[in-house]
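Here is the structure we will look at, set down as structure tokens.
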Amino acid sequence: LDAGHYTFRVKAANSDGVWNEEGVALDIRVRPAPWETIWAYLAYIATAVLLVFGLLRWQKLRHERAAEMRRLENFHPISGLPNRKLFGERLAGALEEARQRDEGVALLHIDLDKFKRINDTLGQAAGDAVLKMISSRLAHDVTRSSDGIGRREIAHLGGDEFVVFVRHQSAAMEADKLGAMMRQSICTPIQHGVQEF
């Protein structure tokens, strides 16, 4: 029976066939099955909400992991600058653009002399901190020297090596100016803890 209130009525006859006209009435309440109670429905709703929340959280984590994998695939983990792979792709695009626009492309290669001494004497953490500061300076130079006509990109190839390309109508001259600016930035002392580099 469905849950609800019922009345159970009984009439009986004796062996002579005489019926009891009044009969007996019994009120009966049928309770819902445990899975049909209000608490069960609340539990179903809570479970559904938790499942949806869990699914959304899982999708968000998956999206974040995919974005992190793309970042690790294309950017250097210490400096955050484009790595060799991404730089190669961007350089290929810049060369094609330069060919179409009849512009030049110049490459600057930056190698920090004696950088290994920092890691050897003060440890990897100090070397990483100095690399981050140098990377930030170089990236700042690349962006602030832009005149809006050409294109400049910097990459951290690994270790203490960086590379920049300049696509411009006067690529060689622009590269010379940018190189001088970057040299000056790198030569400015870097303070890390009590050490100055």
Distance from [X] atom [atom1] to [Y] atom [atom2], nearest 0.5 Å?
{"X": "Arg117", "Y": "Thr121", "atom1": "CZ", "atom2": "OG1", "result": "9.0 Å"}
{"X": "His192", "Y": "Asp128", "atom1": "NE2", "atom2": "CG", "result": "9.5 Å"}
{"X": "Leu51", "Y": "Leu56", "atom1": "CG", "atom2": "CG", "result": "11.0 Å"}
{"X": "Asp111", "Y": "Asp113", "atom1": "CG", "atom2": "CG", "result": "6.0 Å"}
{"X": "Met181", "Y": "His140", "atom1": "CE", "atom2": "NE2", "result": "9.5 Å"}
{"X": "Met133", "Y": "Ser185", "atom1": "CE", "atom2": "OG", "result": "14.0 Å"}

Output, in order, the C-alpha distance, side-chain angles, deciding distance and verdict of side chain to side chain contact (heavy atoms under 4.5 Å, CB included) for Leu122 and Gln195. CA-CA 9 Å; Leu122 298 175; Gln195 298 291 328; 3.7 Å; yes

Whether [X] side chain and [Y] backbone form a donor-acceptor pair below 3.5 Å:
{"X": "Glu174", "Y": "Leu178", "result": "no"}
{"X": "Thr47", "Y": "Ala43", "result": "yes"}
{"X": "Tyr6", "Y": "Leu1", "result": "no"}
{"X": "Thr37", "Y": "Ala40", "result": "yes"}

In terms of heavy-atom contacts, does [atom1] of [X] have more than 12 from other residues, nucleotides or ligands at under 6.0 Å?
{"X": "Asp2", "atom1": "CG", "answer": "no"}
{"X": "Arg71", "atom1": "CZ", "answer": "yes"}
{"X": "Glu36", "atom1": "CD", "answer": "yes"}
{"X": "Asp102", "atom1": "CG", "answer": "no"}
{"X": "His63", "atom1": "NE2", "answer": "no"}
{"X": "Glu22", "atom1": "CD", "answer": "no"}

Mind listing the closest non-hydrogen atom pair of [X] and [Y] along with its distance?
{"X": "Met182", "Y": "Ile154", "result": "CE-CD1, 4.0 Å"}
{"X": "Gly127", "Y": "Phe115", "result": "O-CZ, 3.3 Å"}
{"X": "Ala25", "Y": "Arg9", "result": "CB-NH1, 3.7 Å"}
{"X": "Arg137", "Y": "Pro189", "result": "NH2-O, 3.1 Å"}

Joint hydrophobic cluster, [X] plus [Y], side-chain heavy atoms closer than 4.5 Å:
{"X": "Ile110", "Y": "Phe75", "answer": "no"}
{"X": "Tyr41", "Y": "Trp35", "answer": "yes"}
{"X": "Val30", "Y": "Val10", "answer": "yes"}

Please determine if Glu68 and Arg65 form a salt bridge, counting it only when a charged side-chain N lies under 4.0 Å from a carboxylate O.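 Arg65 and Glu68: not salt-bridged.
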
Would Arg151 and Glu153 pass as an ion pair if we require N to O under 4.0 Å? yes

Side-chain contact test, heavy atoms from C-beta onward, threshold under 4.5 Å: evaluate it for [X] versus [Y] and give yes or no.
{"X": "Val166", "Y": "Met173", "result": "no"}
{"X": "Val130", "Y": "Leu112", "result": "no"}
{"X": "Ile134", "Y": "Ile190", "result": "yes"}
{"X": "Arg70", "Y": "Leu72", "result": "no"}
{"X": "Arg167", "Y": "Arg101", "result": "yes"}

Starting from Val163 and following side-chain heavy-atom contacts under 4.5 Å between hydrophobic residues (I, L, V, M, F, W, Y), which residues can be reached? Phe87, Leu91, Leu95, Val105, Leu107, Leu157, Phe165

side-chain hydrogen bond (donor to acceptor under 3.5 Å, both in side chains) partner of Gln100, the single match among Glu96, Glu97, Glu103: Glu96

Decide side chain to side chain contact (heavy atoms under 4.5 Å, CB included) for Leu131 and Phe162; before the verdict, give the C-alpha distance in whole Å, the side-chain angles of both, and the deciding distance to 0.1 Å. CA-CA 10 Å; Leu131 268 180; Phe162 298 85; 3.9 Å; yes

Throw together a table of side-chain donor-acceptor distances under 3.5 angstrom for residues 77-85, partners on residues two or more places apart or in other chains.
unit_1 : atom_1 : unit_2 : atom_2 : d
Ser79  : OG     : Leu81  : N      : 3.2
Ser79  : OG     : His156 : ND1    : 2.9
Asn83  : OD1    : Lys85  : N      : 3.2
Asn83  : OD1    : Leu86  : N      : 3.0
Asn83  : ND2    : Glu73  : O      : 2.8
Lys85  : NZ     : Glu73  : OE2    : 3.4
Lys85  : NZ     : Asn74  : OD1    : 3.1
Lys85  : NZ     : Glu89  : OE2    : 3.0

